[in-house]
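One structure is given below, encoded as structure tokens.
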Amino acid sequence: MPSALITGATGFIGQAACKQLLACGWDVKGTVRSVSQTKPVLPSGVIACSVDSLGPGTDWRAALHGIDVIVHLAARVHIMKEIAEDSLMEFRQVNTHATERLARMASQTGVKRLVFLSTVKVNGEKTVFHPHPLPLRRYSGQAPGERERFSETDVPNPQDAYAVSKWEAEQALKRVGDETDLEVVILRAPLVYGPGVKGNFLRLLQAVKSGIPLPLASVNNSRSLIFVENLVDAIMICATHPQAAGKTYLLRDNEDVSTAQLLKRLARAMHRPARLWPFPPAALRFAAQLLGMSAEAERLLDSLQVEDSKIRKELGWKPSFSVDEGLMETAKWFLSQAKMNAP
């Protein structure tokens, strides 16, 4: 029976990965900051393994004993309003140095493969959207470095401390893979959503449920997303497929959506009216700049599309859930949580 170590096992992606691996008959360990945390958050059947704070000195030995495959999800995640004095150093401690430390210790203890969840932000922050796609990815008049869709062949263009730390982690893992027998697989994911989601997507759910009118009806962008169960399916394939070793893959759901379409579909999934009204995106950008909210506005107004043909062709992966199915599951979870927390 194969064995897996899931780092970040208490997160919403980590819990979904644990459940999938258990269902497929794997022995599963999950790392936690404290064993006392495991009762409310780790799925039944997962062996809890406590590790120190993540950094270049983290001792992974106990967690790695008897492990065949590592799924490395633990990370210092992107923070909209950073308060650390040296944010790049903080991100590097967890996302770069702890990751390299894990890989080097894994290579010494006989682990066969490490699947690393990176981010599409390694490629960049936005792509150019054409309602009617051109036959070529590059087009006349396109600014240098811009893409209609991000792909694995793009020159990396990380633009914030989080993305830089993830890109540096990818490079460190590739060095370990070249120097040892450890097989490394890197997955760059766009925005992940599903039951248990937090951050910006949770705020969208809350906004739709509240019925607050949103000035986003005129937003004509296109963004790639991935439902957590689709991501976990890809992780499972990358953990076992012989051809995945040493590769980097981008992935997404079958369909990209605009911000306006996403809000309408969330509203439908929650049986709420979609209260959207038209307002010029340029004016929204200007207002966001005045309010110091440009980063938030960019995630609602810009496009970010991913080309995922490589993982489909090489590994035969395809999403099991449609966007609407994923949104329905997410809305069902969100409404059940809201009902439980109601006074």
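All values below come from the heavy atoms of this structure, side chains included, with hydrogens, waters and symmetry mates left out.
Between the side chain of Lys29 and the backbone N or O of His65, at least one donor-acceptor pair lies under 3.5 Å. At distances below 3.5 Å, not a single donor-acceptor pair connects side-chain atoms of Asp308 with backbone N or O atoms of Leu250. For Asn95 (side chain) and Arg76 (main-chain N/O), a donor-acceptor pair under 3.5 Å exists by modelled atom type. Side chain of Lys121 to main chain of Val164: no donor-acceptor pair is present (N/O by atom type, distance under 3.5 Å, no hydrogens or angles). Between the side chain of Ser303 and the main chain of Asn221, no donor-acceptor pair closer than 3.5 Å is present. Proximity of a side-chain donor or acceptor of Asp52 to a complementary backbone N or O of Thr58 within less than 3.5 Å is not detected.
Residues Leu262 and Leu327 meet the side-chain proximity criterion, which asks for heavy atoms closer than 4.5 Å. The shortest side-chain heavy-atom distance between Leu117 and Val71 does not fall under the 4.5 Å cut-off. In this structure the side chain of Arg223 never reaches within 4.5 angstrom of the side chain of Phe129, judged on heavy atoms. Under the 4.5 Å side-chain criterion, counting only non-hydrogen atoms from C-beta, Phe201 is not in contact with Val192. Looking at Glu170 and Arg188, their side chains come closer than 4.5 Å, going by heavy atoms from C-beta outward. You'll find the side chain of Lys174 reaches within 4.5 Å of the side chain of Thr248, heavy atoms only. For the pair Val219/Ser258, no side-chain contact is recorded, criterion being any heavy-atom separation below 4.5 Å from C-beta on. For the pair Arg265 and Val257, the minimum side-chain heavy-atom distance is below 4.5 Å.
Around atom NZ of Lys209, no more than 12 heavy atoms belonging to other residues, nucleotides or ligands sit under 6.0 Å away. Residue Arg61 qualifies as open at atom CZ: its count of foreign heavy atoms under 6.0 Å is 12 or below. Heavy atoms of other residues, nucleotides or ligands lying less than 6.0 angstrom from NZ of Lys112 number 12 at most. Annotation for Asp178: atom CG counts as buried by contact number, over 12 foreign heavy atoms lying within 6.0 Å.
None of Asp253, Val197, Val232 except one satisfies the side chain to side chain contact (heavy atoms under 4.5 Å, CB included) rule with Phe227; the exception is Asp253.
The distance from atom NE2 of His72 to atom OG1 of Thr31, rounded to the nearest 0.5 Å, is 8.5 Å. A distance of 10.0 Å separates CD of Glu298 from CD of Gln289, quoted to the nearest 0.5 Å. Here the SG-CD1 distance, from Cys18 to Ile13, works out to 12.0 Å after rounding to the nearest 0.5 Å. In this structure, the separation between CZ on Phe91 and NE2 on His97 is 13.5 Å, given to the nearest 0.5 Å. In this structure, Gln171 CD and Ile186 CD1 are separated by 9.5 Å, a value rounded to the nearest 0.5 Å.
Of all the heavy atoms in Val94 and Leu54, the pair that sits closest is CG2-O, 3.7 Å. Contact between Ala4 and Trp26 at its shortest, heavy atoms only, is CB-CE3, 3.5 Å.
Under the 4.5 Å side-chain heavy-atom criterion for grouping Ile, Leu, Val, Met, Phe, Trp and Tyr, Val184 is not connected to Trp167 through any hydrophobic cluster. Cluster annotation: Leu231 is not connected to Val122 through the hydrophobic network of ILVMFWY side chains, with a link wherever side-chain heavy atoms come within less than 4.5 Å.
For the residue pair Gln305/Ser222, the side-chain donor-acceptor check at 3.5 Å is satisfied. The closest side-chain donor-acceptor pair between Gln20 and Asp233 falls under 3.5 angstrom. Donor-acceptor pairing under 3.5 Å is recorded for the side chains of Ser224 and Asp256.
Look at Asp302 and Arg285 and you find a salt bridge, because one of the NZ, NE, NH1 or NH2 atoms lies within 4.0 Å of a carboxylate O, short of that distance. Taking a cutoff of 4.0 Å between a charged side-chain nitrogen and a carboxylate oxygen, Lys247 and Glu314 qualify as a salt bridge.
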Checklist entry - Would Arg175 and Glu179 count as a salt bridge (charged side-chain N to carboxylate O under 4.0 Å, His left out) if you check the C-alpha gap in whole Å, the side-chain angles of each, and the deciding distance to 0.1 Å? => result CA-CA 6 Å; Arg175 288 195 299 271; Glu179 296 166 6; 5.4 Å; no
